[in-house]
Number of protein chains: 2
Amino acid sequence: MTPDPYGVRPDSAVRRPASIKDVAAAAGVSPTTVSHVLSGNRPVNEQTAARVRSVVNRLGYVPASLARSLQAGATSVIGLLIPDISNTFFAELAKGAEDAAHDLGYGMILCNTEFDADREDRYLGMIRSRFIDGMVYASGSPPSRRRLEALMGKFPIALADEEVEGLEGALIATADHEAGGRLVGEHLRQLGHRRALMLTGPRALKSSVARAQGFVRAFRGEVVERVGDFKEASGHRLVARLLEEGGLPCTAVFAANDLMAFGALTALTEAGLSVPGDVSVVGFDDIRAASLAHPPLTTVHQPAYDVGRTATAQLLQYVSRGEVPPASRHTLPVELKVRGSTAPPAR
Amino acid sequence: MTPDPYGVRPDSAVRRPASIKDVAAAAGVSPTTVSHVLSGNRPVNEQTAARVRSVVNRLGYVPASLARSLQAGATSVIGLLIPDISNTFFAELAKGAEDAAHDLGYGMILCNTEFDADREDRYLGMIRSRFIDGMVYASGSPPSRRRLEALMGKFPIALADEEVEGLEGALIATADHEAGGRLVGEHLRQLGHRRALMLTGPRALKSSVARAQGFVRAFRGEVVERVGDFKEASGHRLVARLLEEGGLPCTAVFAANDLMAFGALTALTEAGLSVPGDVSVVGFDDIRAASLAHPPLTTVHQPAYDVGRTATAQLLQYVSRGEVPPASRHTLPVELKVRGSTAPPAR
DNA sequence: ACGGTTGTGCAAAACGTTTTGGATGCCTAG
DNA sequence: CTAGGCATCCAAAACGTTTTGCACAACCGT
């Protein structure tokens with residue numbers, strides 16, 4: 001139907017990249033043959049193949065991955081949905097995810113939502129329009145169950161550091177928050193502490209609750225709880241208020257994340273108390289600043305990298321096979337980093 | 001040629017997503033009409049349009065963006081090439097880039113290279129295979145000029161925080177490193193310091209050299225230079241060695257980045273010197289830990305977010321127009337953050 | 001001379017869109 | 001009665017690949 005189907009078009013004004021047809025025409029073969037030479041999918045006569053390869057080099061031909069993906073029905077690209085890449089936890093997680101994707105030849109689109117639901121929706125649209133083969137979901141907040149349920153099952157999605165109860169058929173990778181709390185509890189108990197202040201995160205976050213539960217169980221002492229919001233200011237405020245109200249009811253403070261721990265530390269120092277001389281302080285996360293602070297902070301190292309890597313590996317395992325994923329959950333180990341902010345209590 | 005061109009296929013075992021043909025068939029129109037209804041590209045009779053829309057909803061039809069991109073000749077996706085997303089500087093930069101891309105309806109593929117040349121090459125391949133419409137390049141090391149030259153001019157590339165001399169037609173966004181050094185010089189001079197130790201980064205990095213030059217020019221005092229490698233250990237080592245060799249020849253230390261400043265700070269403290277009582281310390285970058293450290297570090301805030309955002313905006317401005325970009329360079333302002341690690345010199 | 005195998009390469013369909021040039025029918029103005 | 005305009009829709013080409021069935025020739029052993 002088309003005239004001169006594989007012929008070279010007359011020079012056009014705008015230089016368009018060489019296509020497989022151009023290569024075929026210049027080498028005097030059909031596009032089929034070129035494809036086979038490049039993919040090795042079927043044997044081709046060595047002389048012909050050499051001729052094709054030489055033309056490929058001369059024209060600088062690179063196959064259009066779009067067309068390839070269209071034909072293949074998959075793009076070899078996945079998405080990573082997180083709230084804030086400038087948060088070191090998610091940056092580490094992203095690094096792990098990217099590594100896993102790269103290992104299997106996948107690209108990864110960064111979907112930074114800023115906790116914005118519209119933005120999240122727009123990114124989830126990429127999976128419905130099949131521009132990405134799957135999504136690693138780490139929204140950082142109690143995820144909207146409805147939104148997820150509409151997608152999971154129909155599309156490949158893996159949850160990283162998210163808890164969605166009662167969701168069947170889910171791929172989940174998460175840190176062992178409960179064990180983290182337990183480690184801190186044991187550490188403080190062994191040092192001789194018997195009364196502690198626990199600064200928790202929001203009650204709605206399962207990870208935060210798990211940290212507190214683990215701690216209380218292992219510490220087996222008197223624990224006063226105060227609810228914070230994971231920000232430095234809240235740690236400062238909660239501790240400062242207790243100090244005003246007549247002194248700390250404890251010899252140790254366990255904050256559910258490092259930022260609140262820093263806030264607590266500042267408040268203590270301002271009140272003339274020394275850390276760890278008068279009070280021990282423990283955080284959670286092991287962010288970069290933890291080891292740089294003075295004193296360096298005893299804290300629980302979260303395997304953010306491994307969480308990202310594991311969730312992505314799980315996702316890709318099924319994406320690449322095109323199967324429907326059975327439910328599976330990976331709980332990754334945490335590690336207590338004992339540094340300078342903890343010591344036996346003063347008598 | 002094809003029998004029953006728009007007919008619905010008999011039920012197949014595997015449920016494939018609805019295509020525009022399925023919608024057309026179910027609505028009793030041609031795919032052309034469906035396309036026009038959805039895009040508004042040409043007027044369609046309102047009754048027909050309503051019918052089509054209802055079918056679209058019923059079937060849950062979402063256009064395949066791959067096919068759309070193939071036809072359009074562009075994917076609305078760009079790449080961001082950086083060495084290490086877990087470095088807060090690049091994380092901030094990535095955030096700015098992602099914001100800019102999202103604003104213009106573009107997706108962004110995260111290309112984390114880990115300083116690995118092969119990995120970088122593989123990612124650059126995405127642009128040659130036209131899977132991405134452009135690339136924001138922030139390799140974090142003196143970039144291989146050859147590799148870049150082969151691509152720039154042929155493909156849309158913008159440089160973020162990179163210097164490539166003599167490269168024509170380049171889009172560049174970078175922080176004003178020279179001004180940053182100058183600000184530190186003026187600050188220390190005003191405090192009364194006359195003798196300073198400067199810990200520089202690698203000589204091969206233009207940004208590092210610019211910081212030192214700006215400092216030396218503005219300080220107008222005696223400056224001892226030592227070359228480090230931007231890592232904490234090197235700051236510690238260089239200062240510790242000077243202390244052993246008979247004391248510091250200065251009242252202030254300017255490190256070309258915050259990590260080295262922390263190293264210096266630790267070395268000073270270990271030697272029994274107080275900061276800023278005996279020696280003032282200044283860093284560069286304003287990483288998260290800078291404000292959390294004790295004492296909080298005086299440093300130069302780098303507009304990492306703006307660098308990423310500006311480079312990406314520049315790139316997209318031209319990508320979306322399909323024009324060849326003329327050279328343009330944006331030098332973004334830095335800001336001196338005066339904190340607790342600087343004070344007038346002791347007499 | 002014949003059926004079978006092997007090596008080689010091509011045609012055509014398929015992936016799912018958008019775009020463009022008509023075709024059709026109807027209405028209106030001359 | 002006709003030329004033109006308008007509203008509505010469709011057919012077919014195009015984007016650039018991969019895949020599959022087939023054609024053709026050459027060679028083999030019988």
Side-chain angles (χ1 to χ4, degrees), chain A residues 1-7 9 12 14 16-25 27-52 56 59 61-76 128-131 133 322, chain B residues 1-9 12 14 16-25 27-52 56 59 61-76 128-131 133:
Chain A
M1 290 297 151
T2 68
D4 190 12
Y6 304 134
R9 314 286 177 70
S12 73
V14 43
R16 108 190 117 57
S19 82
I20 198 173
K21 289 187 191 175
D22 301 327
V23 174
V29 298
S30 78
T32 305
T33 303
V34 177
S35 174
H36 288 148
V37 169
L38 263 39
S39 70
N41 246 345
R42 276 197 189 177
V44 173
N45 178 284
E46 185 46 40
Q47 282 193 18
T48 317
R51 190 156 29 100
V52 168
V56 164
L59 299 189
Y61 168 68
V62 179
S65 43
L66 264 186
R68 204 195 286 247
S69 296
L70 179 61
Q71 145 76 26
T75 61
S76 287
R128 314 191 72 217
S129 72
R130 283 148 287 156
F131 193 87
D133 295 345
Chain B
M1 291 298 153
T2 69
D4 190 11
Y6 304 127
V8 186
R9 315 286 178 71
S12 74
V14 43
R16 109 192 114 57
S19 81
I20 198 172
K21 289 187 191 174
D22 301 327
V23 176
V29 297
S30 78
T32 306
T33 303
V34 177
S35 174
H36 288 148
V37 168
L38 262 39
S39 71
N41 247 345
R42 276 195 188 177
V44 173
N45 178 284
E46 184 45 42
Q47 283 192 16
T48 317
R51 190 155 31 99
V52 168
V56 165
L59 300 188
Y61 168 68
V62 179
S65 44
L66 263 187
R68 205 196 285 249
S69 296
L70 179 61
Q71 148 74 25
T75 60
S76 287
R128 314 192 72 218
S129 73
R130 283 147 288 154
F131 193 88
D133 294 345

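Chain letters run A, B, ... following the sequence lines, proteins first and then strands; every chain starts at 1.
Here the P atom of nucleotide dT17(D) and the NZ atom of Lys21(A) are 9 Å apart, to the nearest Å. Distance Asp22(B) CG to dC15(C) P: 10 Å, rounded to the nearest Å. Taking atom CG of Leu59(A) as the reference point, atom C1' of dG16(D) lies 15 Å away to the nearest angstrom. Note: CD1 (Ile20(A)) to P (dT19(D)) measures 11 Å, nearest angstrom. For the pair His36(B) NE2 and dC10(D) P, the computed distance is 11 Å after rounding to whole Å. Rounded to an integer number of Å, the gap from CG of Leu38(B) to P of dT18(C) is 8 Å. Rounded to whole Å, atom P of dC15(C) lies 17 Å from atom CD of Gln71(B). Computed from coordinates, the Leu70(A) CG to dT19(D) P distance equals 13 Å when rounded to whole Å.
Summarising the geometry of Arg130(B) relative to Thr75(B), their closest heavy-atom pair is O-CG2, 3.9 Å, with the distance given to 0.1 Å. Contact between Tyr61(A) and Ser19(A) at its shortest, heavy atoms only, is CE1-C, 3.6 Å.
The rotation axes computed at either terminus of the helix from dA1(C)-dT30(D) to dG30(C)-dC1(D) lie 60° apart, taking five pairs at each end and rounding to 10 degrees.
Residues Thr48(B) and His36(B) form no side-chain contact, since every pair of their non-hydrogen atoms from C-beta on lies 4.5 Å or further apart. Annotation: side chain of Leu70(A) is not in contact with side chain of Gln71(B) (no heavy-atom distance under 4.5 Å).
Phosphate contact (OP1/OP2 of dC9(D), side-chain N/O of Ser30(B), threshold under 4.0 Å): absent. Contact check, Thr33(B) against dC10(D): a side-chain N or O comes under 4.0 Å of OP1 or OP2. At dT19(C), one or more side-chain N or O atoms of Asn41(B) fall inside 4.0 Å of OP1 or OP2 (strictly under the cut-off). Distances shown here put every side-chain N or O of Ser19(A) at or beyond 4.0 Å from the OP1 or OP2 atom of dG16(D).
Within 3.5 Å, a donor on the side chain of Arg42(B) pairs with an acceptor on the base of dG21(C), or the reverse.
Under the 3.5 Å distance criterion, the side-chain polar atoms of Ser69(B) are matched with a main-chain donor or acceptor of Ser65(B). Distance alone, capped at 3.5 Å, places no donor-acceptor pair between the Ser129(A) side chain and the Val62(B) backbone.
Residue Thr32(A) is in base contact, counting any heavy-atom pair closer than 4.0 Å across all strands shown. The residue Thr48(A) sits close only to the backbone: its heavy atoms come under 4.0 Å of sugar-phosphate atoms, none of a base.
In terms of position along DNA chain D, the nucleotide closest to Gly28(B) lies nearer the 5' end than the nucleotide closest to the other residue of the pair Pro63(A) and Gly28(B).
Among Leu38(B), Val34(B), Thr33(B), the single residue meeting the side chain to side chain contact (heavy atoms under 4.5 Å, CB included) criterion with Ile20(B) is Val34(B).
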